[in-house]
There are 2 protein chains.
Amino acid sequence: MNSITNLNTISHETALTDVSPTCLNCQNCSIKDYCLTPESVGGQLSELKHSVKKRRIIHKGHLLFLAGQPRRNAYVIRKGSIKCYDLDPSGKERVGDFHLTGEVIGLEDLDTSTHHCFAVALEDSEICEIPLLPLQNLLLSRAALCRELLSLTTCRVRQQRHLTKLVSQSEATARVANFILGMAQRLRLRCPDQSRFRLSMARNDIASYLGIQMETVSRSIGNLQKQGLINVRSKQIELCKPEQLALKYAFH
Amino acid sequence: MNSITNLNTISHETALTDVSPTCLNCQNCSIKDYCLTPESVGGQLSELKHSVKKRRIIHKGHLLFLAGQPRRNAYVIRKGSIKCYDLDPSGKERVGDFHLTGEVIGLEDLDTSTHHCFAVALEDSEICEIPLLPLQNLLLSRAALCRELLSLTTCRVRQQRHLTKLVSQSEATARVANFILGMAQRLRLRCPDQSRFRLSMARNDIASYLGIQMETVSRSIGNLQKQGLINVRSKQIELCKPEQLALKYAFH
DNA sequence: CGCATAGTTGACAGCACTCAAATGAGGTGG
DNA sequence: CCACCTCATTTGAGTGCTGTCAACTATGCG
């Protein structure tokens with residue numbers, strides 16, 4: 001899917017479907033147990049849950065927000081997954097991040113007034129909207145919340161550093177192996193069988209994210225499969241020997 | 001210099017020389033005009049300057065702190081430059097960051113109790129120490145300061161993202177060109193002649209930072225020089241045609 | 001069922017890595 | 001101040017991984 005198509009689809013109001021406000025109660029939410037937890041230090045950050053004002057369905061391929069657009073909300077992904085990307089000078093997509101169910105998106109740009117990337121749904125998804133203006137005010141009064149956000153952001157710096165190292169220092173197969181291990185880890189909480197899961201993103205996206213070509217991703221996956229470490233059928237991934245996969249490729 | 005040597009030298013008390021506390025006044029500091037400014041949004045962050053409790057000289061090759069060590073202070077570099085690195089499983093150095101005069105170091109790990117990297121002086125340097133315990137308390141009472149730190153950290157996430165992309169997507173010469181352009185930019189404020197400056201780090205370090213080999217750094221520099229874009233004599237860099245250098249290689 | 005898109009596989013070329021040797025710079029002691 | 005030593009840097013030759021281009025196959029959607 002190219003970005004021009006995306007830019008068109010955003011204008012369709014059908015792209016973002018509001019959910020009846022009656023079911024916004026976080027206490028009753030089906031994912032309340034692991035929502036926000038993967039990144040939260042637990043505690044103050046759950047205050048954010050009380051700031052949810054709107055819930056929306058966003059269909060596969062539709063944009064949640066655009067680079068350059070005024071930043072008004074943060075979002076918690078209630079269901080589905082979101083890809084963040086920007087465009088290089090020639091207009092080609094560059095994937096910067098993947099966000100999965102239960103994760104927050106949009107707090108990264110807290111220090112600026114506009115989004116710095118495009119966010120598109122990788123599958124039919126559902127997001128909870130947190131208006132940032134009230135949040136900013138909340139930050140003024142709740143120092144503890146502010147500190148927790150600070151922790152979260154600091155943690156992101158470290159994660160991003162780790163990615164920089166992974167991507168700059170290891171060969172293609174190791175990058176792919178670590179990508180798969182990372183996905184398994186992030187999906188762990190909400191996946192019944194930890195060793196079987198579905199990648200929501202295209203090979204294309206993985207390639208862009210890892211700084212290699214799609215063909216190389218394909219070959220690397222084939223490589224891992226030939227070694228009997230994983231089993232792949234299209235987007236379905238099965239970890240046959242997770243320990244060995246980690247032992248051989250995990251990047252620290 | 002390998003890390004074993006470093007680990008030994010840290011035990012020498014001579015490595016860190018305290019400066020007489022009488023000259024700690026930031027108002028009289030020779031670098032007060034650009035200290036903290038490069039990253040600060042200006043304003044609250046300068047409060048940090050009042051938290052400076054100690055000033056130290058740290059000689060070339062000596063460690064400011066070690067990975068795993070309890071984190072007690074943040075540091076402002078008053079003079080010189082600092083390299084941050086960690087060790088890969090085989091014990092090899094991996095450079096994560098360079099910090100120059102006027103920049104803060106140690107706030108990245110604000111959410112953890114220990115340092116995650118080693119910090120070594122690339123040249124004889126001088127640092128101002130900011131104890132973090134009082135700072136944490138300050139954060140509780142000064143929401144504005146906290147928000148500003150939040151902005152700074154968020155900004156770091158973006159910078160790190162940019163590095164991830166640079167390092168994952170461009171070829172060696174482009175990485176080196178961008179590294180040089182970035183250094184020029186960061187040194188701009190305090191350098192009389194913007195187009196001539198001295199790199200304080202070794203080719204080795206640049207290589208590790210950019211995810212390429214030392215020999216490749218060398219060849220890339222040679223490459224840029226052959227094109228007449230820069231002039232290099234050892235660590236001395238001269239930008240002959242900064243605009244053309246940026247035009248051809250700048251990564252966005 | 002058919003089309004469009006996504007993913008795989010193959011062939012070949014080029015860039016960067018590795019190993020090795022030569023050159024240059026910086027620091028130390030006489 | 002110079003000679004020497006050590007380490008940093010450059011340069012060269014050869015190999016291998018990954019990128020590019022192209023053809024083929026699989027998947028998914030209407």
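Proteins come first, then strands; the chains are lettered A, B, ... in the order of their sequence lines, and each starts at number 1.
- The nearest whole Å value for the distance from the CZ atom in A:Arg175 to the C1' atom in D:dT18 is 10 Å.
- Going from atom CE of A:Met201 over to atom P of C:dG7 covers 11 Å, rounded to whole Å.
- Using a 4.0 Å cut-off between charged side-chain N and carboxylate O, B:Lys83 and B:Asp97 make no salt bridge.
- Following rounding to the nearest Å, B:Ile221 (CD1) and D:dT11 (C1') show an atom-to-atom distance of 14 Å.
- Heavy-atom distances to DNA chain D give each of B:Ser234 and A:Ile212 a nearest nucleotide, and the one nearer the 5′ end belongs to B:Ser234.
- Listed pair A:Arg219 / D:dT18 fails the phosphate criterion, with no side-chain N or O lying under 4.0 Å from OP1 or OP2.
- Phosphate proximity of C:dG7 to A:Lys235: present, with a side-chain N or O under 4.0 Å from OP1 or OP2.
- To the nearest angstrom, C1' of D:dT9 lies 11 Å from CD1 of B:Ile206.
- Between B:Ser218 and D:dT9 there is no side-chain polar atom (N or O) within less than 4.0 angstrom of OP1 or OP2.
- With C:dC17, C:dG7, D:dT10 as the candidates, the nucleotide lying closest to the side chain of A:Arg203 is C:dG7.
- Of the charged side-chain nitrogens involved, at least one lies within less than 4.0 Å of a carboxylate oxygen, so that A:Glu103 and A:Arg186 count as a salt-bridged pair.
- Contact annotation: B:Thr216 side-chain N/O to C:dC17 OP1/OP2 distance is under 4.0 Å.
- Ring centroids of A:Tyr209 and A:Phe98 are separated by less than 6.0 Å, placing the two rings close together.
- Between B:Leu210 atom CG and C:dC15 atom C1' the separation is 16 Å, expressed in whole Å.
- Map A:Thr173 and B:Ala202 each onto its nearest nucleotide of DNA chain D; the residue landing nearer the 5' end is B:Ala202.
- Judged by distance alone, with hydrogens and angles left aside, B:Glu215 brings a side-chain donor or acceptor within reach of the base of C:dC19, the pair sitting under 3.5 Å.
- If you take CD of B:Gln236 and C1' of C:dG26, they are 14 Å apart, rounded to a whole angstrom.
- The distance between the ring centers of B:Phe251 and B:His162 falls below 6.0 angstrom.
- When the C1' atom of C:dT5 is taken as reference, atom CE of A:Met214 falls 11 Å away, rounded to whole Å.
- With a 6.0 Å radius and a threshold of 12 heavy atoms from other residues, nucleotides or ligands, B:Arg196 has its CZ atom at or below the threshold.
- Regarding A:Asn204, its CG atom lies at a distance of 16 Å from the P atom of D:dG28, rounded to whole Å.
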